[in-house]
Amino acid sequence: METPAAISIRNLVKRYAPAGNAPAKLALNDVSFDVPQGQIFGLLGPNGAGKSTLINILAGLVMKSSGTAEIWGFDIDKDVRNAKRSIGIVPQEVVFDPFFTPFEVLENQAGLYGVPKAARRSLELLGQVHLADKANAYARTLSGGMKRRLLIAKALVHTPPVIVLDEPTAGVDVELRRQLWELVSELNAGGVTVVLTTHYLEEAEQLCDQIAIINHGQLIANKPTRELVGMAREKVVVLSLDGEVARLPSHAAFLKCEKTGERTIEITYDKDRTNAGEVLALVQGQGLGIIDVTTREADLEDVFVHLTSQAAA
Ligand code: ADP
Ligand code: MG
């Protein structure tokens, strides 16, 4: 049986009307996909691809032009209340009233969602995002990283089964990025379905079970991360040899073959057309002994470049 969908999007279109100097813009062009329950799902795409537009439609902040979206089975038009209750959104921009404490920020948000006092878990949430000791500090005294974590806690006050983070690590340093990745993994391990948008390939590759790629408002891929990375057809093998290379081996499936040192060669081949065994045999057939072999797989970046350039063509 298929995993039920946490979010289900069908034929979503968003056309921004021209305003001031900004021309009309087709920001989402017939986008359809499902986010399976229980995953960390990545919506990956370059700046301007349409990621925030899609998230803001789910959040009820942007009106879609056409298409449908369901959150936890609730249609965002026909069942607004339940759809809203099923999702927590962490916006790209960090904004807080500087005079509230983290505890108050969460209590206010819980009030907005109608969470009864007895059911509130502000302190527990602050603990979850590692801010327990800041419960009563003014929000303006928090570091950038603490503010981001507080935003995540804020999105969780009504205990939604799905949380969406729009570019959680854009412009943050390496240390904070690692902290946020850890937090996202902890939340997911606790049963929350996580959707995050990012333009960092590495982030999507490290963190996400499945990745949808969006470019110029169109969905150009949607696959388990491992499969997506597997779509890269290039593989590189580096060989250390026991003698000097006089003549480079050649084969129709080689994309590149070069001498990188007196006794080393690097061969890039199409893994659909040959394999490492064949490559090694070919080199040995020339009377060269192989001392060491290392291979390198193409990564998500290769796939991404390949897909986005195809889509542009
Ligand atoms: P991303 O989040 O992937 O960077 P956005 O969804 O923010 O992309 O933007 C997608 C496209 O829509 C961009 O070309 C952007 O300039 C345009 N856009 C975004 N918001 C508006 C708006 N309010 N009015 C007009 N165009 C917009
Ligand atoms: Mg954005």
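Both ligands and their constituent atoms are indexed starting at 1 by order of listing.
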Side chains of Ile214 and Phe33 in contact at under 4.5 Å (non-hydrogen atoms): no

Proximity of Lys25 to ligand 1 by residue part, where a heavy atom lies under 4.0 Å: side chain

Contact atoms of ligand 1, heavy-atom distance to Asn47 under 4.0 Å: 4 (O)

Parallel, tilted or perpendicular: ring planes of Tyr113 versus His158, cut at 30 and 60 degrees: parallel

Heavy atom of the protein closest to atom 19 (C) of ligand 1 (residue, atom name, distance): Tyr16 CE1, 3.5 Å

Sub-4.0 Å protein heavy atom near atom 15 (C) of ligand 1: no

Contact with ligand 1 for Gly48, non-hydrogen, under 4.0 angstrom: yes

Heavy atom of protein inside 4.0 Å of atom 24 (N) of ligand 1, strictly below: yes

Within-cut-off N or O pair, Gly50 and ligand 1, under 3.5 Å: yes

N, O or S atom of Asn47 closer to the Mg ion (ligand 2) than 2.8 Å: no

SB check Asp34 Arg10 (cutoff 4.0 Å): yes

Residues Asp272, Lys235; criterion salt bridge (Lys or Arg N to Asp or Glu O under 4.0 Å); working and verdict: CA-CA 10 Å; Asp272 289 348; Lys235 204 160 172 170; over 6 Å; no

Reference residue Lys64; test salt bridge (Lys or Arg N to Asp or Glu O under 4.0 Å); the match among Asp77, Asp30, Asp75: Asp77

Residue pair Glu266 / Thr260, side-chain donor-acceptor N/O under 3.5 Å: no

Polar contact flag, side-chain donor to acceptor under 3.5 angstrom, Arg148-Gln179: no

Best match, Thr197, Asn56, Asn215, Thr53: closest heavy atom to atom 9 (O) of ligand 1: Thr53

Within-shell test, Pro46 vs ligand 1, heavy atom, strictly < 4.0 Å: yes

Ser52 N/O to ligand 1 N/O under 3.5 Å: yes

Nitrogen or oxygen atoms of Lys51 and ligand 1 under 3.5 Å apart: yes

Six-ring centre of Phe74, Lys78 cation under 6.0 angstrom, axis tolerance 45°: no

Close N or O approach (Ala49, ligand 1; < 3.5 Å): yes

Gly45 to ligand 1, any heavy atom closer than 4.0 Å: no

Spatial distance of atom CG (Leu187) from atom CD1 (Ile152) [nearest 0.5 Å]: 7.0 Å

